[in-house]
Amino acid sequence: MSQKKILSISLALFFLSTLFLFGQNQRGLDPDEEKNWWVLAFVSLDQDEKIDFFVENHSDKKDFSYEVSVGKEIILKDTFTAKFKEKTIVRIPSIKQQPERVRIMVTDGTETKEIYR
């Protein structure tokens, strides 16, 4: 085999493997590729009296429920819908500074997450 043929075959294999690995990398970085997750966080960390939060949903669940409690007392309970691939903001009425931590617990029926302020 001539050196030109070996070089051409080597470059073709290198090019094909590069394309394959690039595709695998893109699929691995896609947050929705064979993954099932959601995130809970406060909208603003600056203001202690504001406890609005958001859920960014990358799961097959869409119905969520939440409860807001101060200490062991539940002060608010409600439900909301979070569409797939969307960030849903839940507005909570402002509350006065509390001596105890405010806890927000969100569940999708199977998984529960909590945040505190």
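Worth knowing before you read on, the calculation uses all heavy atoms, side chains too, and leaves out hydrogens, waters and symmetry mates.
- Phe80 and Phe54 sit in two unconnected hydrophobic clusters of ILVMFWY residues. Membership requires side-chain heavy atoms under 4.5 Å apart, directly or through other members.
- Side-chain contact check for Val106 versus Val55: some heavy-atom pair is nearer than 4.5 Å.
- With rounding to the nearest 0.5 angstrom, the CD atom of Glu86 is 12.5 Å from the NZ atom of Lys62.
- Scanning both residues, Lys61 and Thr110, for their nearest heavy atoms gives NZ-CG2, 3.6 Å.
- Taken to the nearest 0.5 Å, the CZ atom of Arg101 stands 12.0 Å off from the CD1 atom of Ile115.
- A cation-pi contact, defined as under 6.0 Å to the ring centre and within 45° of the axis, links Lys113 to Trp38.
- In terms of modelled atom types and a separation under 3.5 Å, the side chain of Thr107 and the main chain of Glu111 share a donor-acceptor contact.
- Side-chain contact between Val90 and Phe64 is absent, with no heavy-atom pair separated by less than 4.5 Å.
- Of the possible polar contacts, none joining the Arg103 side chain to the Lys72 backbone as a donor-acceptor pair under 3.5 Å is found.
- The shortest heavy-atom contact between Ile104 and Ile51 is CD1-O, 3.4 Å.
- Taken to the nearest 0.5 Å, the CE atom of Met105 stands 6.0 Å off from the CD atom of Glu114.
- Annotation for Asn57 and Ala82: closest pair ND2-O, 2.9 Å, computed over non-hydrogen atoms.
- No continuous path of ILVMFWY side-chain contacts below 4.5 Å connects Tyr116 to Leu45, so the two sit in separate hydrophobic clusters.
- A heavy-atom distance below 4.5 Å is not found between the side chains of Thr81 and Thr88.
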Residues Phe53, Phe42; criterion ring-ring contact (aromatic ring centres under 6.0 Å, His included); working and verdict = CA-CA 4 Å; Phe53 64 92; Phe42 286 110; 7.7 Å; no
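- Between atom CD of residue Glu67 and atom OG1 of residue Thr112 there is a gap of 9.0 Å, rounded to the nearest 0.5 Å.
- To the nearest 0.5 angstrom, Ser44 atom OG is 8.5 Å from Asp52 atom CG.
- Nearest heavy-atom pair, Ser59 versus Asn36, reported as atom, atom and distance to 0.1 Å: CB-OD1, 2.6 Å.
- Using cut-offs of 30° and 60° on the angle between ring planes, the pair His58 and Phe84 is perpendicular.
- The closest side-chain heavy-atom distance from Val68 to Ile74 is not below 4.5 Å.
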What pairs of donor and acceptor atoms, side-chain ones from residues 1-17 against any protein atom, are under 3.5 angstrom apart with sequence neighbours left out?
{"unit_1": "Ser2", "atom_1": "OG", "unit_2": "Lys5", "atom_2": "N", "d": "3.4"}
{"unit_1": "Ser8", "atom_1": "OG", "unit_2": "Lys4", "atom_2": "O", "d": "2.8"}
{"unit_1": "Ser10", "atom_1": "OG", "unit_2": "Ile6", "atom_2": "O", "d": "2.8"}
{"unit_1": "Ser17", "atom_1": "OG", "unit_2": "Leu13", "atom_2": "O", "d": "3.1"}
{"unit_1": "Ser17", "atom_1": "OG", "unit_2": "Phe14", "atom_2": "O", "d": "2.9"}

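- You'll find the side chain of Leu76 reaches within 4.5 Å of the side chain of Tyr66, heavy atoms only.
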